[in-house]
Amino acid sequence: MANIPDKPSLDGIETRWMQQWEADGTYRFDRSASRDEVFAIDTPPPTVSGSLHIGHVFSYTHTDTVARFQRMRGKQVFYPIGWDDNGLATERRVQNVTGVRCDPSLPFDPAFSAPFHGDVPKDHRAVPVSRPNFVELCREITHLDEQVFEHIIQLLGLSVDWTLLYTTIGERARRVSQRGFLRNLARGEAYQQDAPTLYDIDERTAVAQAEMEDRDVPGAYHQVAFHRFDGQGDLVIDTTRPELLASCVAMVAHPDDPRFQPFFGTTVRTPLFEVEVPVLAHHLADPEKGTGIAMICTFGDVTDVTWWRELNLPSRALIGFDGRFASDTPEWITTAAGSEAYAQIAGMAPKQAQRKVVELLQTSGEMLGDARPISHPVKFYERGTRPLEIVATRQWYIRNGGRDTELRDRLIARGREVTWHPSYMEHRYDNWVGGLNGDWLVSRQRFFGVPVPLWYRLDADGNPRYDDVLVPDEALLPVDPSTDCPVGFTNDQRGVPGGFIGDPDVMDTWATSSLTPQIASAWEEHDSLFDQVFPMDMRPQGHDIIRTWLFATMVRSHHEHGCPPWKNAALSGWILDPDRKKMSKSKGNVVTPIDLLEKYGTDAIRYWAASGRPGVDTALDEGQMKVGRKLATKLLNATKFVLSFGEPPAGASATEAIDVAMLARLAHTVDEATVAFEGFDYARALEQIEAFFWWFCDDYVELVKGRAYSGHGPEAAASALAALREALHTIHRLLAPFLPFVTDEVWNWWQTGSVHTQTWPQGHRSGDASMLDPTSEVVGAIRRAKTEAKASQKAAVSTAVITGPADLLALVRLAEGDLGDAGSVAEFQWVEGGELGCTVVLAPVEQAG
RNA sequence: GGGCGUGUAGCUCAGUUGGUUAGAGCGCCACCAUGACACGGUGGAGGUCCCGGGUUCGAGUCCCGUCACGCCCACCA
């Protein structure tokens, strides 16, 4: 035991073991394993444009404990890691740290270098750069971010196989993503449509339903009068968006509403703009809302879109991609007064336009009373700052059941094929799928992403024929249609009549990350890895992205493979700050893990993380981290102590009753932990293991150490030594998934190889543990007596009188010798009757001098 | 408005098909230099299990209802 330090310490063990594991390839995936020997994990690729915060540490630790358990159970664990680096989040970060913005109309500038790297002055106006320059900058910045991430993931002790690293903007990801899309297209699951689309006017891109959120914002009801042509008065509406009056195409009320039934089929004149619009009936109009009659604009909200579609109304959209009102007076405004009114809002943003329209309405007397302020929910892009507008655009969609009940039902049924941990998370999936109101919009008018791999033929006038899609051969993927040519064309035909044009869009970041199982496993990449690992065993992720990542992955797998992409979905909760508020960047309460890792050590942080139940939001609790550190320290000291007794003689085994009982209890603990882990409940496994370990240290070791010192002869000592070592051997392995650093440290004091490649301990041991509880109770009673007498625990007891039922006394007597040692008891008296108890007579303290 | 979850000691949380006196850790209080650990150990105090009904021999646990909090969805005229 020459390896055991005099003063064991946790300092520096992270670096040492990180390097050792990497050098030994401890977590390398075995490509020769068959599918049934594999446990495959669809690791979430963290978004590198954000910071890795304590929430990542939390959920990644959960997965890692399961991975380590499965590895020790004999599985070949496929545990890749990837970086999610494409998408708008990265673009924003790049804009913020380099002071540029992408202008796709500019040509590539080979000599370009970014004006800043990190500290962009507040008054700096972003420098426009070409798309290729911008993408290059994105790659540079993400590469730097990824190095930081790699360091933290390693420091966390995640047992990922670094040779499996992928990025979502990397070549393979682009190829897999484009291949997946083209297959969807070929099967009719992807289609394009020119339709009103929710659109972020700041980012200038369409947005999918899954990326939207409602925010309560201040608004105001404005009562506005529409004039009847019979001169018999007005129809009055309440609107929060008076600025859209110029886009009004109709008025609508409920068909059963007697107040408005007389007007259905008639027309009215819009205020200010003097456009004649019909009064129509539709069941979605709510008699309770506002005045009971509404104006339909193209487009103020999604109900407008429904009305527009179902009532076959004309499109009079005025707000363009730049979020401003068209600068020319539209043709449907025909009167001089109407044109004059429009001229005053032309080119304005919606807010400005609203002020102007209200002013005009007040002047003309067509607004009744003052605006009544309200707070109402408005749709925003989740990363956006201004409300979404609805703009008619051509976009690509993937069918996800949002417009097809049969597909929706099939996807919900797919959800049932997955085992959810915890099980109630499945409701969130069902809810989301059941509530979809459209297909998945996958095209984005952005730059740093996987390009939509398509071109369109141009007609004789040079106009794109979107129905004439030119598709690349899969063997040529990945393609960038802005620089690559479709087969049969040359680059000089780009943009010229009779030639072609590339699709300018990239795909939604989820359109790529929905294929993480396929990317990580090199699907269709001339590699058998996919067959070895797909469908995967486990998808770990946060419950907040069930609607996006989980659902999108399910959709792609359902279309492509006809099965769910994994067998289990393990949902992690969030980290709340100590005041139980959700951590988020905007609240400024995000805790970065690096300081905590340094302060308490990785194992301690992992202990805290693993104490959080699956799916449950958990408060950041430094107290738990202290406990974790205490546990790791205890393992060092307890191991040192047990090993210090030396090796038992060859062939020795546990023979004394309490030694056998302890091993029986340990076997039971192993069984409990194993069952919990198999159900992905790492927290329960830890709880069981930890409880055993503390009992082992506090009671068992205290009881038998006298015997282990040979106080009762060699045979009794041999039994204790054998039991102690067997228990230690098991404890080290049980704690290994949670405390990977300290367990490998102590393991290597007396064993060879990494504890992480050992076999998970066996339970199912015969033996009776029933003597342990009453024995602990007597130990406690003796200790209590000494504490109450303010005596040292070492104080000598002349007589201990133990009372209780005969069966319990018999059990406790099995440990009489050990009890005598541990309690320094000279003589025991055993008295049958009453409850189990113990009274103690302390020996007189010898007078000093 | 629909769905889901949570509510147990000052704090963070366990409590498995209902079963003696409801548990752990932290914190708090008191004590202890005992052959691994003072970054330690021992003991103690501390609870109307949100509230109200019901089922049952028996309810923290099951059922109904209420309240509070959190999340998801819907609600934009």
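Lettering of chains follows the sequences in order, A, B, ..., and the numbering in each one begins at 1.
Between A:K634 and B:G41, a side-chain N or O to OP1/OP2 separation shorter than 4.0 Å is present. Between B:G35 and A:Q793, no contact under 4.0 Å exists linking OP1 or OP2 to a side-chain N or O. Taking side-chain N and O atoms only, A:K626 has no distance below 4.0 Å to OP1 or OP2 of B:G25. Residue A:K7 places at least one side-chain N or O under 4.0 Å from the OP1 or OP2 atom of B:A38. Here A:K289 reaches the OP1 or OP2 of B:C76: one of its side-chain N or O atoms lies under 4.0 Å away. When the side-chain nitrogen and oxygen atoms of A:R784 are compared with OP1 and OP2 of B:G44, one or more of them lie within a distance under 4.0 Å.
Atom NE2 in A:H543 sits about 9 Å away from atom C1' in B:G5, given to the nearest Å. Rounded to whole angstrom, the span from the CZ atom of A:F58 across to the P atom of B:U12 amounts to 15 Å. At whole-Å resolution of the value, NZ in A:K794 and P in B:G40 are 22 Å apart. As rounded to whole Å, 13 Å separates atom C1' of B:A74 from atom CG of A:L284. One can place CG of A:L10 at 12 Å from C1' of B:C37, the figure rounded to the nearest angstrom.
Proximity note for A:W432 (side chain, C-beta onward) versus B:U16, B:G41, B:C73: the nearest is B:C73. The side chain of A:F641 lies closest to B:A36 when the candidates are B:G41, B:C75, B:A36. Here B:G25 is the nucleotide among B:G25, B:C71, B:U42 with the atom lying nearest to any side-chain atom of A:Q624. Considering only the side chain of A:E687, B:A14 comes nearest among B:A14, B:A30, B:C76. Checking B:C75, B:G5, B:G3 against every side-chain atom of A:N431, the shortest atom distance belongs to B:G3. In this structure, the nucleotide among B:U42, B:C26, B:C37 sitting nearest to the side chain of A:E702 is B:C37. With distances taken from any side-chain atom of A:R547 to the nucleotides B:U21, B:C73, B:G43, the minimum falls on B:C73. Distance from the side chain of A:A619 is smallest for B:U12 among the nucleotides B:U12, B:G43, B:A14. Comparing B:G35, B:G41, B:C4 by their nearest atom to the side chain of A:Y709 picks out B:G35. If you check B:C39, B:G43, B:A36 against the side chain of A:T633, the one that comes closest is B:C39.
Between the side chains of A:W695 and A:S776, at least one donor N or O lies within less than 3.5 Å of an accepting N or O. At a cut-off of 3.5 Å, with distance as the only test, no side-chain donor of A:H712 or A:D818 sits close to an acceptor on the other residue. One side chain, A:T787 or A:Q793, offers a donor N or O that lies under 3.5 Å from an acceptor on the other.
A:A285 comes within 4.0 angstrom of a base, heavy atoms only. Contact annotation for A:R241: no contact, since no heavy-atom pair falls under 4.0 Å across all strands. Counting non-hydrogen atoms under 4.0 angstrom, A:Q209 reaches the backbone sugars and phosphates but no base. Residue contacts shown for A:W307 include a base, since a base heavy atom lies under 4.0 Å away. Residue A:D286 is in base contact, counting any heavy-atom pair closer than 4.0 Å across all strands shown. Among the protein residues, A:K630 comes within range of the sugar-phosphate backbone only, with heavy atoms under 4.0 Å from sugar or phosphate atoms but none that close to a base.
B:G43 and B:U48 are spaced 28 Å apart, taking the C1' atom of each and rounding to whole Å. For the P atoms, the distance from B:U55 to B:U42 is 47 Å, rounded to whole Å. Rounded to whole Å, the C1' atom of B:U16 lies 15 Å from the corresponding atom of B:A22.
For A:G763 against A:V670, the heavy-atom pair with the smallest separation is N-CG1, 3.6 Å.
The structure places NE2 of A:H732 at 10.5 Å from CG of A:L739, a figure rounded to the nearest 0.5 Å.
Across all strands shown, B:C11 is found opposite B:G25 as a Watson-Crick or G-U wobble partner, with both distances under 3.5 Å. For B:U34, there is no paired base (Watson-Crick or G-U wobble, both distances below 3.5 Å).
For the pair A:K640 and A:W750, the cation-pi criterion (under 6.0 Å, within 45° of the ring axis) is not fulfilled.
Side-chain to base pairing of A:E788 with B:A30: no donor and acceptor N or O lie closer than 3.5 Å to each other. Judged by distance alone with a 3.5 Å cut-off, a donor-acceptor contact links the side chain of A:D214 to the base of B:C75.
Along RNA chain B, the nucleotide closest to A:A638 and the one closest to A:Y424 are compared, and the more 5′ of them pairs with A:Y424.
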Please tabulate, for side-chain N and O atoms in residues 288-296 of chain A, each donor-acceptor pair with protein atoms closer than 3.5 Å (sequence neighbours left out).
residue, atom, partner, partner atom, Å
A:T291, OG1, A:V236, O, 2.6
A:T291, OG1, A:I293, O, 3.2

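Comment: A:E777 does not engage A:R784 in a salt bridge, judged by the lack of any side-chain N to carboxylate O separation of less than 4.0 angstrom.
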